[in-house]
Amino acid sequence: MEAQKPATAKAPVAKAQKPKSNAPGIKNASWVIVCCLVVAVLLSLFFFGNPRYFEFEGEAPISMWFFDGESTPKDGSLIATIFKGGIIVPILQTLFLTVIVLAIERGIALHAAKGKGNIAKFVEGVKACLQKNDIAGAQKLCKEQKGSVAAVVAAALVRYEEMDKNTVLSKEQKVATLQKEVEEATALEMPALQQNLPIVATMTTLGTLVGLLGTVLGMIKSFSALGGGGGAVDSTELSVGISEALVNTAFGIATGAFAVIFYNYYTNKIDNLTYAIDEIGFSIVQTFQATH
């Protein structure tokens, strides 16, 4: 009788982990827009539509959105005037809040991507270590610095050591491999740095266009008030139309202006980080080429 062979358990195959960027941030900005919409609607219902900012007859409703009668802002209240801007105002407030939230998010993300120390000093320190062929010292600087620039340099230095010990590849192949490593590490970091900025850029135009839409709707109401009543001007309807036009214009301009400022500011910061990455990557490749 043949002895049965013991079943050999197969060792679990470890899944290769996808490398992650060192720049944190919100991955799905759609949730930011939804949350900002909820906040804008609540503000419109219970803050801007609070009955205490209006003068009207009858019992006070929970919100002026549920009041069908005539009402006027109390003592020229700006909050009530904003409410009179109409249904487009909460949409504009959603866009405005989205710009503010994403601007704060990008600020935190780019600060983390920058690392702990000054980028220029870090680049100069790594260059000095490379000139002395002190790879360990350069790697220590990367661990201390952290951030996206340090991550690219650290990945390049690991490949630098591998190519230094490699005796199979030619010098040209080693340089090409090292250069490819720098490009791949840079390509990993760049999308995380630019994340959500296209949405901010879209808000520059979208905010202005939505504000213009609200302005046109307000002007339509104004002209309707002027043309109705058999020649008599309905001052209430006229003031509502003008308020709606001006409030929407103000929110649209504010949204577009803030979006442009934040987009250009963070684009400039990303360009500085990219320049630092390109500079140090070029130095690593040139140093290897000159010393091998």
Side-chain angles (χ1 to χ4, degrees), residues 19-27 99-164 171 174-201 204 258-292:
K20 297 181 180 180
S21 170
N22 287 267
I26 298 174
K27 305 300 180 184
V99 170
I100 299 300
V101 171
L102 292 182
I104 295 173
E105 181 266 345
R106 280 297 86 195
I108 296 173
L110 293 180
H111 180 74
K114 172 180 169 290
K116 292 186 175 181
N118 184 275
I119 289 292
K121 290 183 179 179
F122 169 71
V123 172
E124 293 300 324
V126 172
K127 284 183 178 181
C129 290
L130 289 175
Q131 290 176 357
K132 295 183 293 185
N133 199 27
D134 184 10
I135 305 301
Q139 290 175 333
K140 182 180 179 182
L141 289 176
C142 293
K143 291 180 180 179
E144 294 174 353
Q145 176 71 17
K146 297 183 179 181
S148 296
V149 179
V152 173
V153 176
L157 291 175
V158 170
R159 187 68 66 185
Y160 188 103
E161 284 189 318
E162 292 178 359
M163 293 299 100
D164 189 32
K171 179 180 178 179
K174 292 179 181 180
V175 171
T177 302
L178 185 58
Q179 189 170 3
K180 183 180 178 181
E181 180 65 28
V182 174
E183 292 174 355
E184 289 179 351
T186 304
L188 174 65
E189 297 294 334
M190 289 308 298
L193 295 178
Q194 297 174 342
Q195 188 171 267
N196 296 330
L197 279 183
I199 297 177
V200 177
T204 61
F258 274 90
V260 168
I261 291 171
F262 286 127
Y263 179 79
N264 289 333
Y265 176 72
Y266 289 131
T267 299
N268 182 62
K269 290 180 72 71
I270 292 173
D271 289 341
N272 292 335
L273 290 174
T274 304
Y275 175 77
I277 291 174
D278 291 341
E279 181 183 2
I280 194 64
F282 180 78
S283 296
I284 292 173
V285 174
Q286 291 299 310
T287 301
F288 185 90
Q289 195 169 15
T291 57
H292 292 74

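One is the number of the first residue; the rest follow in order along the sequence.
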Identify whether the distance between the nearest side-chain nitrogen and carboxylate oxygen of R159 and E162 falls below 4.0 Å.
yes

Separation between OG1 of T287 and CZ of F282, rounded to the nearest 0.5 Å:
9.5 Å

With a 4.5 Å limit on heavy-atom distance, are the side chains of E144 and K116 in contact?
no

K269 NZ to T274 OG1 distance, which is reported to the nearest 0.5 Å:
12.5 Å

Quick check for you: to the nearest 0.5 Å, what is the distance between Q194 atom CD and T267 atom OG1?
8.0 Å

A154: which residues meet the side chain to side chain contact (heavy atoms under 4.5 Å, CB included) condition with it, sequence neighbours left out?
C142

Closest approach of P191 and L188, non-hydrogen atoms and distance?
CD-O, 3.7 Å

Kindly indicate, with the supporting measurements, whether the criterion side-chain contact (heavy atoms from CB on, under 4.5 Å) is fulfilled by V153 and L141.
CA-CA 10 Å; V153 176; L141 289 176; over 6 Å; no

Quick one: side chain to side chain contact (heavy atoms under 4.5 Å, CB included) partners of K174, sequence neighbours excluded?
M163, N166, L169, F288

Residues 126-140 side chain polar contacts: donor-acceptor under 3.5 Å, at least two apart:
residue, atom, partner, partner atom, Å
K127, NZ, E279, OE2, 2.6
D134, OD1, G137, N, 2.9
Q139, NE2, E161, OE1, 3.4

Supply the atom-to-atom distance D164 CG to L157 CG, rounded to the nearest 0.5 angstrom.
11.5 Å

Provide the closest heavy-atom pair for E105 versus Q195 in the form atom of the first, atom of the second, distance.
OE2-NE2, 4.5 Å

Atom CD1 of I277 and atom CG of N272: how far apart are they, to the nearest 0.5 Å?
11.0 Å

Grab the two heavy atoms, one from T204 and one from A259, that are nearest each other, plus how far apart they are.
CG2-CB, 3.3 Å

What class does the angle between the rings of F262 and F258 fall in, given that below 30° is parallel, 30 to 60° is tilted and above 60° is perpendicular?
tilted

Decide yes or no for I119 and V149: does some side-chain heavy atom of the first lie under 4.5 Å from some side-chain heavy atom of the second?
yes

What's the shortest heavy-atom distance between V152 and E189, and which atoms?
CG2-CG, 3.8 Å

Provide the closest heavy-atom pair for V123 versus I280 in the form atom of the first, atom of the second, distance.
O-CD1, 3.8 Å

Indicate yes or no: at least one non-hydrogen side-chain atom of V200 is less than 4.5 angstrom from one of Y266.
no

For the atom pair CG (D278) and CD (E183), what is the distance rounded to the nearest 0.5 Å?
9.5 Å

Would you call M190 and L193 a side-chain contact if the rule is heavy atoms closer than 4.5 Å?
yes

Where R106 and A192 come nearest, the two heavy atoms and their spacing:
NH1-O, 2.9 Å

